[in-house]
Structure formats: C-alpha cells, structure tokens
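For reference, the structure discussed in these notes is given below.
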Amino acid sequence: MSKELEKALEGWVASRKEGHETFIRLFEQWGSDFTKQLQEIEKLNNGFLQKVQGNLDYIERWFTKKEREFAELFRRFG
C-alpha cells in the first residue's frame with residue numbers, strides 16, 4: 001500500500017471515530033437532559049397530587065352534589 005493511501009485511510013478512520021464519539025457524547029447529554037426533565041415533571045406531578053389529596057373529600061362531595069342536581073334536572077325535564 002502506498003503511503004498516501006495509508007494516510008488517507010488513517011484520516012478517514014480517525015474522522016469516522018471522531019464522528020462516532022461526538023454522536024455518543026451528544027446522545028448521552030440528551031439522555032441526561034431528558035432524565036432531568038422527567039424528574040422535574042415527576043416533582044410537579046407529586047406536588048399537584050399532594051395539593052389535590054387534601055381537597056379530595058371536597059372534590060368528591062362537589063361531584064356528588066352535581067350528579068344529584070343533574071339527575072334531578074333530567075328527572076324533571078327529561
């Protein structure tokens with residue numbers, strides 16, 4: 001093999017390896033960012049659920065009342 005061909009092949013291999021390593025690095029960063037965002041969403045959801053949990057009895061009574069009101073409306077006008 002000529003020296004020029006050997007150098008060209010070495011350059012091509014180095015370029016491919018660099019591109020592959022760049023892709024892997026970017027993919028790992030994306031995965032890390034994605035995990036952080038999922039954790040933030042989970043934190044928000046848990047906060048929401050804690051707030052709602054305290055009002056669950058009120059919410060349930062409200063829906064029960066509305067169901068009775070609609071049932072009465074349908075009975076009278078339906």
Side-chain angles (χ1 to χ4, degrees):
M1 224 188 308
S2 71
K3 290 286 183 187
E4 289 177 19
L5 180 58
E6 189 175 330
K7 282 188 174 189
L9 285 174
E10 287 173 355
W12 180 76
V13 168
S15 174
R16 284 190 53 102
K17 182 180 177 189
E18 182 181 327
H20 183 264
E21 289 173 351
T22 299
F23 172 78
I24 294 297
R25 194 170 39 254
L26 290 171
F27 187 75
E28 288 173 346
Q29 181 62 47
W30 172 82
S32 175
D33 292 345
F34 189 72
T35 299
K36 287 177 187 175
Q37 289 179 345
L38 285 177
Q39 290 170 343
E40 185 63 29
I41 290 170
E42 187 174 328
K43 183 179 168 184
L44 291 170
N45 284 345
N46 288 337
F48 170 75
L49 290 175
Q50 285 177 350
K51 289 176 185 175
V52 169
Q53 193 68 29
N55 295 324
L56 216 51
D57 287 338
Y58 168 77
I59 293 168
E60 198 169 313
R61 283 191 314 262
W62 185 85
F63 277 110
T64 302
K65 179 182 174 186
K66 293 302 171 193
E67 285 177 15
R68 281 193 309 262
E69 289 173 0
F70 278 113
E72 181 66 22
L73 285 173
F74 287 130
R75 188 178 64 77
R76 288 184 184 206
F77 304 107

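Side chains are part of it too, since the values below use all heavy atoms of this structure and drop only hydrogens, waters and symmetry mates.
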Side-chain donor/acceptor of T22 to backbone N/O of E18, under 3.5 Å: yes
Donor-acceptor contact present, side-chain T35 to main-chain G31, <3.5 Å: yes
Joint cluster assignment, I41 & L49, ILVMFWY side-chain distance < 4.5 Å: no
Flag if over 12 foreign heavy atoms under 6.0 Å of CG, N45: yes
Remaining members of the apolar cluster that contains L44, side-chain heavy atoms under 4.5 Å: none
Salt-bridge contact E72-R75 (side-chain N to carboxylate O under 4.0 Å): yes
Atom pair CG/NZ of N46 and K51 - distance to nearest 0.5 Å: 12.0 Å
Nearest-0.5 Å distance, NZ of residue K17 to CH2 of residue W12: 14.0 Å
Joint hydrophobic cluster, V52 plus Y58, side-chain heavy atoms closer than 4.5 Å: yes
D33 versus Q37, side-chain donor and acceptor atoms under 3.5 Å: no
Hey, can you pull the donor-acceptor pairs under 3.5 Å for the side chains in residues 59-71, sequence neighbours left out?
{"residue": "T64", "atom": "OG1", "partner": "E60", "partner atom": "O", "Å": "2.8"}
{"residue": "K66", "atom": "NZ", "partner": "E69", "partner atom": "OE1", "Å": "3.2"}

